[in-house]
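Scope of the values below: all heavy atoms of this structure, side chains included, with no hydrogens, waters or symmetry mates. Letters A, B, ... are given to chains in the order of the sequence lines, protein chains preceding strands, and every chain is numbered from 1.
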Amino acid sequence: MHEVLKTSFFDRPTLVVARELLGKDLVRILPSGEVVRMMVNEVEAYDGPEDRACHAFRGRTKRTDVMFGPAGRIYVYFVYGMHWMLNIVTGPKNYPAAILLRGAGDIVGPARLTKALSIDGTLNCLPADAETGLWFEDASRQIDLSSILATPRIGVDYAGKEWAEKPYRFVLKNE
DNA sequence: TAAGTGATCTCT
DNA sequence: GAGATCACTTAA
């Protein structure tokens, strides 16, 4: 049986959650009522007030507020004037961290993902559950550690060498 | 490789 | 209020 991932799954160290999210299912109820399910295969961790690449590095603002909230909430933001980004908040309350969903199923690219799943700002701050229409499930797949690739994050050069180079991006290799 | 696009944040 | 920036995508 596929179990819905609860707050307790996300309320753990961000890097651990990021790795374990690979191979899980992202489930979305589209506005049309159609249910889409796809396996998460690419994520990035944004972990805490020290992480210069994390939006919350500059403190708590209206935009980053949700990252300080309890784990398991959805963080969606708009960037480059046209793209929505989907994140899931991790870690304890008042610890700003989240995981960016970059790819799932055969969709590669964070903005393509949100476009394909009709995800926009209306989902921001909502809990990831069936009522919201967007949640994660454990599909009981065995993910071998050797099939996980860790690389630097994409598009975060502004964070400075030290933080831009951290291997916080996790990719599930094909097959 | 660069243009497109607009919310957000940091100055005045 | 003005200006810069930006966790990207697409078309060349």
Side-chain angles (χ1 to χ4, degrees), chain A residues 5 10-24 26 28 30 36 38-92 94-128 132 134-136 148-173:
Chain A
L5 297 185
F10 297 102
D11 192 1
R12 296 182 297 152
T14 310
L15 294 176
V16 172
V17 179
R19 279 187 293 256
E20 292 191 16
L21 207 50
L22 293 174
K24 299 291 190 290
L26 170 60
R28 168 71 170 148
L30 297 176
V36 182
M38 36 200 208
M39 186 184 74
V40 176
N41 53 34
E42 183 178 347
V43 298
E44 277 179 8
Y46 288 86
D47 189 24
E50 305 289 306
D51 184 354
R52 299 185 74 93
C54 182
H55 286 162
F57 172 71
R58 295 182 187 286
R60 191 169 188 156
T61 66
K62 194 176 174 189
R63 180 215 213 182
T64 61
D65 195 57
V66 60
M67 293 183 93
F68 289 80
R73 293 278 188 80
I74 295 166
Y75 169 37
V76 179
Y77 69 91
F78 193 63
V79 77
Y80 294 122
M82 50 181 84
H83 302 304
W84 292 103
M85 300 285 130
L86 170 64
N87 304 250
I88 184 75
V89 175
T90 61
N94 294 319
Y95 181 84
I99 296 168
L100 170 67
L101 277 287
R102 297 190 59 93
D106 42 14
I107 303 193
V108 179
R112 290 181 182 169
L113 194 63
T114 54
K115 190 178 176 195
L117 297 180
S118 290
I119 290 165
D120 63 22
T122 59
L123 294 175
N124 195 34
C125 301
L126 297 177
T132 299
L134 178 67
W135 69 96
F136 294 89
I148 295 179
L149 190 65
T151 83
R153 292 170 290 187
I154 307 291
V156 295
D157 286 348
Y158 65 87
K161 200 169 193 290
E162 182 189 352
W163 287 96
E165 289 184 351
K166 286 200 182 291
Y168 280 9
R169 170 172 175 255
F170 301 99
V171 183
L172 198 55
K173 291 187 242 174

Is there a side-chain contact between A:I88 and A:V17 in this structure, where contact means two heavy atoms from C-beta onward sitting under 4.5 Å apart? no
A:F170: which residues meet the ring-ring contact (aromatic ring centres under 6.0 Å, His included) condition with it, sequence neighbours left out? none
Counting heavy atoms not belonging to A:R58, are there more than 12 under 6.0 Å from its CZ? no
Parsed dot-bracket for DNA chain C after applying the Watson-Crick and G-U rules with both distances under 3.5 Å and | for other-strand partners is ||||||.||||.
Tell me every residue that passes side chain to side chain contact (heavy atoms under 4.5 Å, CB included) with A:L30, counting only those two or more places apart in sequence or in another chain. A:R28, A:S32, A:E34, A:V36, A:S118
I need the minimum non-hydrogen distance between A:A45 and A:D51, along with the two atoms involved. O-OD2, 4.2 Å
So if I define the base as every atom that isn't primed, P, OP1 or OP2, how would nucleotides 4-9 of chain C read as a B/S/- string at a heavy-atom cutoff under 4.0 Å? --BBBS
Counting only pairs under 3.5 Å, give me each side-chain donor-acceptor contact of residues 106-116 of chain A, with atom names and distances, residues two or more places apart or in other chains.
| from | atom 1 | to | atom 2 | distance (Å) |
| --- | --- | --- | --- | --- |
| A:R112 | NH1 | A:V108 | O | 3.2 |
| A:T114 | OG1 | A:W84 | O | 2.8 |
| A:T114 | OG1 | A:A111 | O | 2.9 |

To the nearest Å, how far apart are A:K115 NZ and C:dT10 P? 6 Å
A:Y168 side-chain N/O to A:L15 backbone N/O, donor-acceptor pair under 3.5 Å: no
Please report the distance, rounded to the nearest Å, between CG in A:D65 and C1' in B:dC9. 15 Å
Which residues satisfy the side chain to side chain contact (heavy atoms under 4.5 Å, CB included) test with A:V89, sequence neighbours excluded? A:V66, A:R73, A:Y75
